Amino acid sequence: MLIHTASEGISFAKAMETAAAEFYEDMAASFEEIRALALANAEENRRFARNIQRVYQEVITDAIEGSYCFQLETANYELPVTGSATRGAHDAIQQAIAVEGVMIRFYSDARDQADTLMADIPRAFGVIVRKRKQRQGELKDLSSGQAGK
Amino acid sequence: MAILPEPIQGVKKVENYIGGKWIASRGDVRDVVNPATGKTIATVPLSTESEFDAAVEAAHAAFPEWRRTTPLARSRMLFRLKELTEQHFEEVSRIQTQEHGKTIDESRGETRRGIENIEVACGIPTLMQGSYSEDIASGIDEWLIPTPLGVFGIIGPFNFPWMIPLWSAPYAVATGNCVVVKPSGEVPLSQDRLAELVEEADFPPGVWNVVHGGRETVGNMLDHPDIVGVTFVGSTPTGRDVVYKKCAESGKRVIAQCGAKNFMTVMPDCNVERTIAAMLTSFFGNAGQRCLAASNCVIVGDDDQFYRDFVGRVLEAARSIRVGYGLDESVQMGPLRDREKKERVVRYIESGIKDGAKLRLDGRSVKVETPCKADCFLGPTVFENVTPEMAIGSEEIFGPVMSIMRAGSLKEAINVANQSRYGNGHSIFTSNGRSARQFQYEIESGNVGINVGIVAPVAFFPFSGMKDSFFGDLHTQGRDVIRFFTESKVVIQRWF
């Protein structure tokens with residue numbers, strides 16, 4: 001499904017954040033050794049969702065191209081969030097790295113497409129990309145530490 | 001995509017809000033119909049003259065005490081109102097989509113723009129400050145005090161049911177005046193909800209009144225001796241020949257913001273992709289029902305290849321616009337407000353064909369997403385070879401119709417736009433600063449866009465307008481509207 005409007009784009013981003021938060025909560029429940037990290041990530045995902053909604057609601061205006069913000073194909077951003085609890089912690093971290101990769105791609109594409117529209121929205125997306133790259137790096141470090149365990 | 005839940009369920013019986021009380025009208029009622037679904041969502045009264053008089057009387061009675069309420073206290077009340085509107089942001093946005101038909105993004109944008117005016121009015125202790133000159137002569141000082149005037153009437157249009165009364169009302173009450181708001185009878189629900197929030201914010205009874213009705217209520221407002229001024233947004237014939245004229249005769253202050261025929265000038269050096277997105281919003285957003293909507297697209301230069309490519313891309317983009325119920329988040333364009341308005345636009349399309357313009361995209365055969373009733377829908381329509389002499393090139397259509405013209409030079413494009421009797425919101429799309437400056441310098445338009453399709457000033461700037469687009473002296477919003485709602489009292493003082 002193609003996303004065009006600001007409203008759809010924001011709803012899709014919030015749904016992704018919620019799905020990713022639930023993924024991390026499942027991870028926390030399944031693996032004690034990465035519980036703290038997973039819960040922190042879940043909490044941050046929900047904060048991202050609230051922040052996206054707030055930024056959108058504070059800058060939306062009928063005068064900017066709200067109906068023509070995006071050309072995003074949702075099929076390109078399906079999160080690999082199923083089945084984490086059935087495997088080991090190392091696999092779950094690998095899965096989290098993949099989830100973050102999809103979300104970085106989504107926010108980067110959305111930011112670039114909305115670049116000259118309501119400026120605060122692409123800026124907020126840019127902040128999330130930065131934080132997620134950092135998070136992905138931390139997960140990779142953790143994964144290296146976990147390898148072979 | 002699922003339809004967002006509708007806040008208005010069933011059929012709401014709209015009442016007047018007079019002197020802090022909700023009062024059922026004894027006048028006739030008419031239905032408020034959701035133009036996308038065809039369902040009746042409310043009944044609205046055509047209030048009687050005595051009901052309107054009662055509202056003015058309540059406002060008049062509240063004025064002396066409200067005027068004595070300090071600007072800081074008035075500001076705090078507006079802060080409470082602002083907070084309540086934030087809490088109900090989504091609800092009031094969806095109400096607008098239900099009553100008007102616009103998309104949910106457009107409604108949220110309208111909600112935000114309205115709230116911004118409440119925010120700016122919260123700054124009234126500073127905005128309303130006077131000025132002081134010491135020693136205008138030896139030992140004599142002189143100062144200016146902006147003082148409120150009394151009761152103002154505010155007449156809202158159908159195209160922005162929430163936002164446009166907020167261009168005036170928050171400033172009127174912030175400056176110490178009282179108001180009687182008459183929303184459009186076609187879309188009364190968001191102003192009805194706003195009045196409930198005004199009540200919840202604890203404004204004193206009589207400061208903010210809402211009386212529903214039609215033309216007769218407008219006539220009552222214009223004739224009433226205790227109404228000291230009126231703000232109006234609507235068509236040029238009504239604004240100029242009725243509101244402005246009557247106010248001039250009776251000595252009332254007036255802001256009459258009226259019709260438009262906006263020109264988008266496209267230079268060959270523009271950023272094509274961004275220009276098309278901005279133009280689609282401007283021509284087809286709100287189904288073309290806005291006084292800042294683009295109507296004529298003038299493509300500059302003799303580069304036939306650029307012209308063909310640009311028009312081709314516009315057509316491709318316009319063809320793919322999703323039309324349907326605005327509470328479906330994927331919808332990019334909603335219906336016209338009602339069938340009569342649609343038929344009026346259809347008559348313009350027919351006149352364009354008859355006058356020899358080339359119809360490249362015919363919105364009359366629009367595909368509408370379910371579950372809509374098709375009566376009020378019209379798709380994006382695009383004409384080529386339009387001339388300024390044709391009705392579609394010169395008159396306000398107020399619908400999703402793009403008329404494409406060509407001009408050999410920027411000078412010629414500016415001249416064509418300046419020949420229009422309107423001057424509301426003309427824009428240029430270019431990457432050349434010199435062209436942009438020439439355009440903003442020479443164009444006769446109250447609001448000017450440079451790479452912006454809808455030149456809607458934010459709340460702290462006046463919503464300007466020239467020629468047949470505006471009648472009056474001061475504008476709504478910004479410092480202009482503070483001056484409109486206050487009289488300058490000048491004091492000269494010396495002590496012996």
Side-chain angles (χ1 to χ4, degrees), chain A residues 1-19 46 49-78 106 108-126, chain B residues 1-2 4 86 89-90 93 96-97 102-116 159-160 162-163 271 273-282 284-286 290 292-293 317-318 320-322 326-334 425 447 449 451-458:
Chain A
M1 188 188 81
L2 259 181
I3 287 177
H4 295 289
T5 70
S7 186
E8 271 183 302
I10 298 297
S11 291
F12 187 73
K14 286 193 301 181
M16 284 181 93
E17 291 293 0
T18 303
R46 296 195 191 281
R50 286 196 299 276
N51 192 45
I52 290 164
Q53 176 65 31
R54 185 184 59 74
V55 169
Y56 163 70
Q57 199 160 302
E58 286 181 357
V59 301
I60 179 78
T61 161
D62 71 304
I64 302 289
E65 295 81 15
S67 293
Y68 310 96
C69 276
F70 305 117
Q71 291 275 347
L72 297 163
E73 174 51 62
T74 55
N76 294 337
Y77 309 106
E78 279 173 16
F106 168 76
S108 301
D109 293 348
R111 176 196 59 194
D112 294 347
Q113 289 178 12
D115 188 29
T116 64
L117 303 177
M118 288 160 283
D120 301 62
I121 293 176
R123 200 175 301 134
F125 287 173
Chain B
M1 184 65 74
L4 298 169
E86 294 285 4
F89 184 96
E90 186 62 16
S93 300
Q96 289 160 58
T97 295
K102 59 183 69 186
T103 67
I104 189 62
D105 271 321
E106 289 166 344
S107 291
R108 289 174 186 148
E110 179 175 350
T111 304
R112 175 53 57 207
R113 288 272 184 162
I115 293 173
E116 280 169 1
N159 59 339
F160 287 94
W162 164 267
M163 173 182 76
N271 177 325
E273 194 184 328
R274 297 298 188 196
T275 298
I276 288 173
M279 285 189 23
L280 292 181
T281 300
S282 188
F284 306 127
N286 223 33
R290 51 155 68 103
L292 288 174
S320 66
I321 288 176
R322 235 174 112 84
L327 286 181
D328 173 343
E329 287 182 295
S330 68
V331 160
Q332 295 166 292
M333 189 173 118
N447 307 291
N451 297 318
V452 172
I454 300 167
V455 206
V458 290

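Everything quoted here is computed from the prediction, not taken from an experiment. Protein chains get the first letters and strands the later ones, always in sequence-line order, with residue 1 at the start of each.
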### Task
Just give me the residue among Met333(B), Gln332(B), Lys102(B), Glu110(B) that pairs up with chain A most often, heavy atom to heavy atom, under 4.5 Å.
Gln332(B)

### Task
Please determine, among Thr103(B), Leu280(B), Val455(B), the option with the most heavy-atom pairs under 4.5 Å with chain A.
Leu280(B)

Heavy-atom proximity to chain A below 4.5 Å, by part of [X]:
| X | result |
| --- | --- |
| Ile321(B) | side chain |
| Arg113(B) | side chain |
| Val458(B) | neither |

### Message
Can you tell me how far apart CG (Leu72(A)) and CE (Met1(A)) are? Round to the nearest 0.5 Å.
### Response
10.0 Å

### Leading residue by heavy atom contact count with chain B [cutoff under 4.5 Å; candidates Ser11(A), Ala6(A), Ser67(A), Ser7(A)]
Ser7(A)

### Task
Measure up the Phe106(A) and Phe125(A) rings against each other and bin them: parallel (under 30°), tilted (30 to 60°), perpendicular (over 60°).
tilted

### Query
Are Asp105(B) and Tyr56(A) close enough, and set up right, to give a side-chain hydrogen bond (donor to acceptor under 3.5 Å, both in side chains), and what steps lead you there?
CA-CA 10 Å; Asp105(B) 271 321; Tyr56(A) 163 70; 2.5 Å; yes

### Summary
Correct closest heavy-atom pair for Arg290(B) and Thr281(B) would be NH1-O, 3.4 Å

### Query
With a 4.0 Å cut-off, would you call Glu86(B) and Arg112(B) a salt bridge?
yes

